S.K.: 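One structure follows; several queries about it will come next.
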Amino acid sequence: MNREGGSEMDDLFRKGLENPEGRISYHEDDWDSLEQMLDQKQKRRGIVYLMPILAGIAAAVLLVFGWWFFKPEAVITKPMLAGVKHIAAPVHSDSSVKHQEQIAVAPSEAAGHQDKTDPQQAHGRTKNSDPAFEAATRGGQVNHVAYHAQSNPPALGFGPGKNDPTVPAITADAAQNNGLSAMNSRFVLPGDDRHQALAGNAQTLAGKTVTHASAPIAPNKVKIKAMSGNNRPQFAVTVLASPDINGVNSVFSDSKVGTNIGMLFSMSLTKKLSISTGALYSKKPYNTDFDNYHTTYAFKTPPEYVSADCRVLDVPINVDYQVYSRNRNSFSVGSGISSYFMLRENYHYNYAVAGTAGPTDYDIANRNKHILGVLNLQVTYQRKLNSRLNLNLEPYMKVPLTKIGYSQVKLQSTGLAVGFSWNINTKH
Amino acid sequence: MVDEELHQLIRGCIKQDRKCQKVLYKTFYGFAMGICLRYASDRDEAAEVMNQGFFKVFTHLEGFDTTRPFKAWLGRIMMNVSIDYYRSNLKMAYTDDLEKAEHISDGELADRKLNYDELLEMVQQLPQAYRTVFNLFAIEGYSHEEIGDMLGISPGTSKSNLHKARQKLKQMILNADVPAINNNNNRMNCSSIVAINSTDINGIFFNNGIRR
């Protein structure tokens with residue numbers, strides 16, 4: 001430090017302004033403002049530090065959820081097979097297989113008639129004098145089974161219509177719980193116009209009623225098969241990048257191009273429906289007239305327009321529906337909601353007359369976030385490159401539902417994302 | 001406050017203990033505000049800048065070398081945030097018409113009896129560019145080369161701003177002697193000058209703390 005040509009003036013002020021401490025009174029309001037700043041800082045740090053953790057947890061949950069979905073295949077099958085052994089083995093293990101096949105052909109038919117409890121219909125059936133049916137009734141087993149059927153409503157599944165496909169399942173479940181009585185009641189159900197289906201069996205019914213205990217198991221197997229074939233979720237990781245065209249109020253006028261890069265995890269809910277989430281880092285530059293710009297600062301000379309450059313962490317949750325799929329190509333349409341975390345915002349003020357006095361730049365970091373503040377619309381073309389790898393082309397549009405950033409502008413974005421998705425588990 | 005107490009307080013502040021932070025804030029409030037008031041145009045602005053300074057203190061305290069005097073470190077941070085405030089908000093300064101202050105000799109000023117509040121008010125009425133240079137040169141004791149580096153201006157501009165600051169202050173001192181009736185009208189003729197106002201600085205993270 002140098003002291004150059006000290007003047008009286010400087011000395012006067014230096015001496016007069018030194019040691020002002022006793023003259024300055026403490027204001028509690030000042031501390032309150034600082035405390036607010038410190039609290040905000042802690043919150044921001046919290047968000048920034050928690051983001052990777054939250055993303056990790058989200059990914060882990062997604063994966064665990066997936067395992068949970070295709071684990072049940074083994075979990076469900078085992079008890080059912082055990083059930084079959086337990087019930088069928090003591091009686092007629094040889095014939096049980098045969099009956100399984102027969103009844104599995106028309107599970108809904110076999111299960112469709114709960115009207116056995118209607119005395120009038122039961123009577124009508126007797127009148128029918130169908131030899132097969134009579135043979136069955138003569139065998140003396142029907143009465144015994146009918147008793148079980150009436151005394152065990154869950155096994156009968158009263159209520160559903162004739163061809164209600166849920167009935168076999170209900171019956172099968174009940175079979176597990178109710179043992180042979182449930183199985184037997186299941187046998188009684190076939191009715192009037194289904195006699196032909198059971199005609200072959202009717203001859204042996206008297207002697208082999210119990211062997212039909214295995215019948216309810218068959219529909220259940222069908223059910224498991226259907227579940228494992230169609231509902232098994234498929235998981236994929238997508239890495240994508242895109243040019244990102246940004247504009248205030250409209251992306252088609254005075255727009256600027258930024259970039260997006262990120263990673264998404266997706267999970268198929270059904271064959272056609274899938275859900276995805278992840279994180280995208282976006283550079284979003286845009287220009288806007290000063291009229292659209294919002295600030296608390298009162299400009300003496302308002303700038304003509306503002307050039308902004310924002311860095312945004314975009315966390316989307318999207319649902320996609322596949323509308324077309326043939327050979328290796330598929331198209332999906334999708335929508336969802338994004339949360340924007342404004343990592344950094346820079347605003348550059350441009351004045352109509354060069355050299356106008358006024359602020360030129362304003363920087364903000366980690367101040368604004370817009371939870372579920374942006375609507376995503378996208379169409380995805382996917383081409384399968386091999387059993388695991390797909391190429392994705394995704395035109396998208398992001399429409400703000402709230403005003404974005406410090407400037408509070410309606411910032412729209414559009415672009416074409418190009419990416420590769422990797423199937424974590426493939427369908428067999 | 002003895003050193004041991006201060007160090008204990010600093011350790012508490014490093015652990016983000018809000019009570020320790022408040023005690024430290026209250027202890028050095030007058031000292032810090034005294035610096036910021038000289039660089040600011042009013043008390044509100046000074047309080048805002050001072051809080052930015054304390055914010056830096058509390059977020060960079062773990063980097064403070066406890067073998068060095070804390071007060072000097074704090075004072076330097078307050079000066080730096082004031083300069084950052086200047087740099088982030090003032091891009092250019094207009095020169096203004098200096099009135100007839102040239103003829104007043106420094107010798108005449110020695111006799112003036114002006115208290116702290118009067119002197120502070122005069123400094124605060126200076127345009128920001130002049131006030132900053134005057135503070136750095138006349139009160140902090142920096143050279144024009146150093147000031148030029150700090151503010152991103154040439155040493156020549158620093159000299160020029162210092163000269164104009166002195167002229168304005170002389171003029172204000174002269175006006176302070178004028179009867180009260182004229183006082184209000186003549187107090188400040190430089191409102192049309194300089195002053196590119198500050199932008200909203202809430203949340204601006206100045207210069208990442210300590211001056212390089």
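Because the structure is predicted, anything quoted here is derived from the model rather than measured. Per chain, numbering begins at 1; letters A, B, ... match sequence-line order.
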S.K.: Tell me whether A:Asp30 is salt-bridged to B:Lys26, with the criterion being a basic N under 4.0 Å from an acidic carboxylate O.
M.R.: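 Judged by the 4.0 Å cut-off on N to carboxylate O distance, A:Asp30 and B:Lys26 do not form a salt bridge.
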
S.K.: Return the set of residues passing side chain to side chain donor-acceptor pair (under 3.5 Å) with A:Gln412 (not counting sequence neighbours), or none when no residue passes.
M.R.: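 Scan of A:Gln412 (side chain to side chain donor-acceptor pair (under 3.5 Å), adjacent residues dropped) gives none.
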
S.K.: Between A:Leu12 and B:Leu169, is there a side-chain heavy-atom distance shorter than 4.5 Å?
M.R.: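 With C-beta onward as the side chain, the pair stays apart.
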
S.K.: How far does CZ of B:Arg43 sit from OG of A:Ser25, to the nearest 0.5 angstrom?
M.R.: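 Atom-to-atom, B:Arg43:CZ and A:Ser25:OG are 5.5 Å apart.
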
S.K.: Considering only heavy atoms, which portion of B:Ile35 lies under 4.5 Å from any heavy atom of chain A: side chain, backbone, both, or neither?
M.R.: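 For B:Ile35, there is no contact with chain A at all, as no heavy atom is under 4.5 Å.
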
S.K.: Side chains of B:Met122 and A:Phe13: closer than 4.5 Å at any heavy-atom pair?
M.R.: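 Answer yes - side chains close enough.
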
S.K.: Side chain, backbone, both or neither: which part of B:Glu118 has a heavy atom under 4.5 Å from chain A?
M.R.: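 The answer is neither part of B:Glu118.
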
S.K.: For residues A:Ile24 and B:Gly30, report the shortest heavy-atom separation together with the two atoms involved.
M.R.: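 Result for this residue pair: CD1-O, 3.5 Å.
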
S.K.: In Å, rounded to the nearest 0.5 Å, how long is the span from CZ of B:Arg38 to CD of A:Glu18?
M.R.: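 With rounding to 0.5 Å, CZ (B:Arg38) is 10.0 Å from CD (A:Glu18).
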
S.K.: Determine, for B:Lys22 against A:Glu28, whether the closest basic-nitrogen to carboxylate-oxygen distance falls under 4.0 angstrom.
M.R.: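 Judged by the 4.0 Å cut-off on N to carboxylate O distance, B:Lys22 and A:Glu28 do form a salt bridge.
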
S.K.: On a heavy-atom basis, which atom in B:Phe55 and which in A:Met37 lie closest, and how many Å separate them?
M.R.: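 Smallest interatomic distance, heavy atoms only, reads CE1-O, 3.5 Å.
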
S.K.: Would you give the length of the straight line joining atom CD1 of B:Ile139 to atom CG of A:Asp10, rounded to the nearest 0.5 angstrom?
M.R.: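 Those atoms lie 8.0 Å apart.
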
S.K.: Is it the backbone or the side chain of A:Glu35 that comes under 4.5 Å from a heavy atom of chain B, or both, or neither?
M.R.: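 Both backbone and side chain.
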
S.K.: Considering all heavy atoms of both residues, which atom of B:Leu119 and which atom of A:Gly16 are nearest to each other, and what is their separation?
M.R.: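 Looking at all heavy atoms of both residues, the closest pair is CD1-CA, 3.4 Å.
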
S.K.: Nearest heavy-atom pair of B:Phe54 and A:Leu34: which atoms, and what distance?
M.R.: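 B:Phe54 and A:Leu34 have their closest heavy atoms at CB-CD2, 3.6 Å.
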
S.K.: NZ of A:Lys403: more than 12 outside heavy atoms within 6.0 angstrom?
M.R.: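 It does not: A:Lys403 NZ has 12 such atoms or fewer within range.
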
S.K.: Mind checking whether A:Trp31 and B:Phe58 have parallel, tilted or perpendicular rings, split at 30° and 60°?
M.R.: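 A:Trp31 and B:Phe58: perpendicular rings.
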
S.K.: Please classify the contact of B:Tyr116 with chain A as side chain, backbone, both or neither, using a heavy-atom distance under 4.5 Å.
M.R.: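 Both backbone and side chain.
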
S.K.: Salt-bridged, B:Arg18 to A:Asp39, with N to O below 4.0 Å?
M.R.: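 Yes, charged N to carboxylate O under 4.0 Å.
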
S.K.: Is the backbone of B:Asp117 close enough, under 3.5 Å, to the side chain of A:Arg23 for a donor and an acceptor to pair up by distance?
M.R.: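 Such a contact is absent between A:Arg23 side chain and B:Asp117 backbone.
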
S.K.: Only pairs of heavy atoms separated by less than 4.5 Å count here; which of A:Asp29, A:Thr301, A:Leu17 has the most with chain B?
M.R.: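 The option with the most such pairs is A:Leu17.
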
S.K.: Determine whether more than 12 heavy atoms belonging to other residues, nucleotides or ligands lie under 6.0 Å from atom CD1 of B:Ile14.
M.R.: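 Yes.
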
S.K.: Any side-chain heavy atom of B:Met33 sitting closer than 4.5 Å to one from A:His27?
M.R.: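 Result no, sub-4.5 Å side-chain heavy-atom pair not found.
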
S.K.: Go through the structure and list residues passing salt bridge (charged side-chain N to carboxylate O under 4.0 Å, His left out) with A:Arg344, not counting sequence neighbours.
M.R.: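 Salt bridge (charged side-chain N to carboxylate O under 4.0 Å, His left out) check on A:Arg344 returns A:Asp363.
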
